[in-house]
Student: 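Pasting a structure here, questions to come.
Chain naming here is simple, since letters A, B, ... match the order of the sequence lines and numbering starts at 1 in each.
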Amino acid sequence: MNAHDNAAVTERNGARYAEVIVEVKSASVDRPFHYEIPSLLAERVHVGTRVLVPFGPRRVEGYIVGFSATTEVPEKTKPLLEVLDDDPPLTPDLVELARWLSERYLCTKAAAVQALLPSGMRAKATTFLRIQNAPDSVYLPGSWEYDLLQELYQSPNKTKEQLLSEHPEWRPLIRTWVEEGVLQELHGVKHGIQIKTMTYLSTGLTESELQGALDEISNRAKKQKELLTYLYEAGDALLMKDVFAETGASSATLKPLLEKGFVVKEDREVHRDPYASKHFEPSQPLPLTPMQDNAYQTIKNAVDSDAPQTILLQGVTGSGKTEVYLQSIAACVAQGRQAIMLVPEISLTPQMVEQFKKRFGDEVAVLHSRLSTGEKYDEWRRIRHGEVNIVVGARSAIFAPFRSIGLMIIDEEHENSYKQDDHPKYLAREVAMYRARQHKATVVLGSATPALETRWWAHQGIIQRVEMPERVRGQKLPKVRVLDMRNELQSGNRSMFSNALKTGIEERMERGEQIILFLNRRGFATFVLCRSCGFVARCQDCEIPLTYHKARGLEQLRCHYCGYAERMPETCPDCQGDHVRHFGTGTQRVEEELYKVFPDAKVIRMDVDTTSGKDAHATLLQRFRQGEAQILLGTQMIAKGLDFPNVTLVGVISAETSLYLPDFRAAERTFQLLTQVAGRAGRHELPGEVIVQSYNPQHYAIQFAKDQEYEKFFEHEVRHRYSLNNPPFFELTAFTSVNEDEMKALHLARHLEDLLRRSLGGRDDVIILGTSPAPLARLQGKYRFNVVLKYKKFKPVSKPIREAYQALQGEAQKLGGYLTIDVNAQMIL
DNA sequence: AGCACGCCGACT
DNA sequence: GTCGGCGTGCTC
């Protein structure tokens, strides 16, 4: 496992050199550099310590990853400059995790370290320039010398870096002046995040000292005496601003008390708490059903055992997985170990956070992308300092710096939000399983519709599987009807609602029940076409058909990938004819149609266009919950984790929107989506009904979803994947060559393909899919070509892949573009 | 990545 | 003649 490096050691043991990974993201410096440890810093350096080091002509941030007694380059070593934190941000297991990440996902160690630390954690070296000996010569206005001196007199607080970015031409002059002693450099460090402090007041006086103090204070200073007595009676240190508010004192009152030493003022570090304003009613563990208890016992046994394990918890929607999670975590924490709970799109599922806060109170930290950088950093420090035992968060929370992890739960594990979209493109499930080996921890993968790979591993006996096939309250799964829209058309119904759906909506509205309508496409129409010449409006940058939007009377065409927008043309830009029309159906159009067919209906529409505001999401859902509207209409964002007691009908306007994407997971996604949407109906007392409209109702993904038969879908899909050499039988790695110049992008992709064919071509466990335009062939003005590699096992092919990738990355940059890699790609775009 | 050093075209 | 373009090479 440690085929890494020379004799790097974890403990310093008097070793002379620190091995440092520098924060420079370039493959050419992706290796440890040796630095001498100055005796002044000797006590403060550990594995994982963040340091400032000299690197060439500049100073950069770096992380200590090991120590060694010797170095091959003694003549080159320089000393460490500074230790940047009191506690090392990385624990030794995180250093090891970073190394693994960089090898598995082919990124630099520096990039891996950044992925697993909060974004605010970045320091920048700064340098100030002071005039030490004014030069003898007199300079003419307009000369560099004159201008630089002017600038230094006028803005002495500008850093050297600021100065150089504004006037790069001053660089040589500054250097010579520093050498000649005209200027002096003062070095500093600017931290990315301010640690937030609050001022506290306290008095350390005993009762008799207090008496003496009160006597000493002039009788005219009534406020001072009051303040001092107040603080004495409190005993504890109090927040200064509260004290001022309570006693009416001010800093004028306080000042003499501080000077005489009667009162002590101190700044204490505080953590920004994103949930400080919310109150959570404590909740108690609920009694478990036999099925829940079985799942709970399985997880508990795994946590108790001293071996890493992975368990697939396959439970239908409404089977009570959350309560199992909560109690398993409680059991883990009771053992003195910590737990991580991952949820997809946490900002969409505030209920989950709420349930954790109610059950565990302050023991929970929350990490997700909607927190400010400062809030994230503070939650991270609460974890690092052992103030909490539980983290609930999105994907990156899997890196929580706990000391001893017992349990990691990934809820809705099949969701693709668990694959990081930017570099390194890690898969949370894989990271969890690696950390499980480090900590001898248990991973629970929870889902009603597991990713095919996960279910396959369970089938192979590689991981355990526990089922929860029934709903907690014993409700039946809702009845799902699939309606063939071709029949509707034949019988003369040209509207987007089948007769059954229309009647269904009418009935619910009469009974005062609620309806959810689902369509996986926003906007009004799908595309815009000229009926005379066949012209289709496309984004000039992405070449994707533009979507027709209607907003406040304004007719717009928008690109859903880059956000580009233009006005709907009145005549065809190509043939000048006036037969430009929009086709296809989006959420906006459904909304308009709903108001036509049901004039009394109140509809809430939820899609990217209506939920841009900070709390728009929660607000819209809250309004629906309170019954302000009978119909909730939305894209897949409404499919996730919602639970409305009054909803008895769920309608899917068109089941195939996700079926014909050029993606090997299209059937799986469609099945998962339909199953999930169906699970929304009738979760409480009222029975639920689901109506799925489709032009292709016999498709197996739709048929199996209709009866919620995951196992049958699994069997069918596994065969399909096998015959096409797709996951889980082969793993996919995708390279994308991106360039504004189409020929350059293509050339680079071809070159890469050649290289891969030469190194891997002969193997029968590797399939190379040649260069092809990416499904998103042009994005934001840049052409994209893919080279996709399929292989059975990553290890034997990782070296050739790495070499080809590194060789051509530089090449791509020379051509003005770039090359990305997605190891174990979940989707090819 | 940055920054320095080094070798070729248009300019006070 | 020089200033400054960016190709090449190195960073403990």
Student: Check if the side chain of A:Arg171 and the base of B:dA4 share a donor-acceptor pair of N or O atoms closer than 3.5 Å.
Tutor: no
Student: Rounded to whole Å, please give me the gap between NE2 in A:His423 and P in B:dA1.
Tutor: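 Between P of B:dA1 and NE2 of A:His423: 12 Å.
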Student: Scan A:Arg31 against the nucleic acid and name what it touches under 4.0 Å (heavy atoms): base, sugar-phosphate only, or nothing.
Tutor: base
Student: Select base, sugar-phosphate, or nothing to describe what A:Ser28 touches, counting heavy atoms under 4.0 Å on all strands.
Tutor: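 Contact class for A:Ser28: base.
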Student: Look at all strands and tell whether A:Pro54 reaches a base, only sugar-phosphate, or nothing, counting heavy atoms closer than 4.0 Å.
Tutor: sugar-phosphate
Student: What integer distance in Å separates A:Ile174:CD1 from B:dC3:C1'?
Tutor: 14 Å
Student: Could you check if a side-chain atom of A:Tyr17 sits within less than 4.5 angstrom of a side-chain atom of A:Thr77, using non-hydrogen atoms only?
Tutor: yes
Student: Does the side chain of A:Val65 reach to within under 4.5 Å of the side chain of A:Val47, using non-hydrogen atoms?
Tutor: no
Student: Starting from the 5' end of DNA chain B, give me the residue, A:Val24 or A:Arg175, whose nearest nucleotide shows up first.
Tutor: A:Val24
Student: Between C1' on C:dC12 and OH on A:Tyr35, what's the gap in Å once rounded to a whole number?
Tutor: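 Distance, rounded to whole Å: 5 Å.
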Student: Under 6.0 Å from the ring centre and within 45 degrees of the ring axis: does the NZ or CZ of A:Arg104 meet both conditions for the six-membered ring of A:Phe794?
Tutor: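 Cation-pi check for A:Arg104 and A:Phe794: passes.
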Student: Is the phosphate of B:dC3, meaning OP1 or OP2, less than 4.0 Å from a side-chain N or O of A:Arg58?
Tutor: no
Student: Determine, for A:Tyr418 and A:Arg395, whether the Lys NZ or Arg CZ falls below 6.0 Å from the six-membered ring centre while staying within 45 degrees of the axis.
Tutor: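 No, A:Arg395 does not sit over the ring of A:Tyr418.
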Student: With a non-hydrogen cut-off below 4.0 angstrom, is A:Phe55 in contact with a base, only sugar-phosphate, or nothing?
Tutor: base
Student: Over how many whole Å does the gap from A:Phe33 atom CZ to C:dC10 atom C1' extend?
Tutor: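 Taking CZ of A:Phe33 and C1' of C:dC10, I get 9 Å after rounding.
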Student: Please give, in whole Å, the distance from B:dA4 C1' to A:Leu164 CG?
Tutor: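 It works out to 14 Å between those atoms.
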Student: For A:Glu185 and A:Arg58, run salt bridge (Lys or Arg N to Asp or Glu O under 4.0 Å): C-alpha distance rounded to whole Å, both residues' side-chain angles, the deciding distance at 0.1 Å, then the answer.
Tutor: CA-CA 13 Å; A:Glu185 289 189 324; A:Arg58 59 213 169 109; over 6 Å; no
Student: Without decimals, in angstroms, what is the distance between A:His34 NE2 and C:dC10 P?
Tutor: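 That distance rounds to 19 Å.
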Student: Starting at atom CD of A:Glu161, determine the distance to atom P of B:dA1, rounded to an integer number of angstrom.
Tutor: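 Whole-Å distance recorded here is 19 Å.
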Student: Return the value, rounded to whole Å, for the distance between atom CG of A:Leu52 and atom P of C:dC12.
Tutor: 13 Å
Student: Looking at the side chain of A:Ser26, which of B:dA4, B:dA1, C:dC12 is the nearest nucleotide?
Tutor: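 Output: B:dA1.
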Student: Under 4.0 Å between a side-chain N/O of A:Lys78 and OP1 or OP2 of C:dC12, yes or no?
Tutor: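 Checking A:Lys78 against C:dC12: at least one side-chain N or O falls below 4.0 Å of OP1 or OP2.
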Student: Describe the nucleic acid contact of A:Gln813 in one word from base, sugar-phosphate, nothing, applying a heavy-atom distance below 4.0 Å.
Tutor: sugar-phosphate
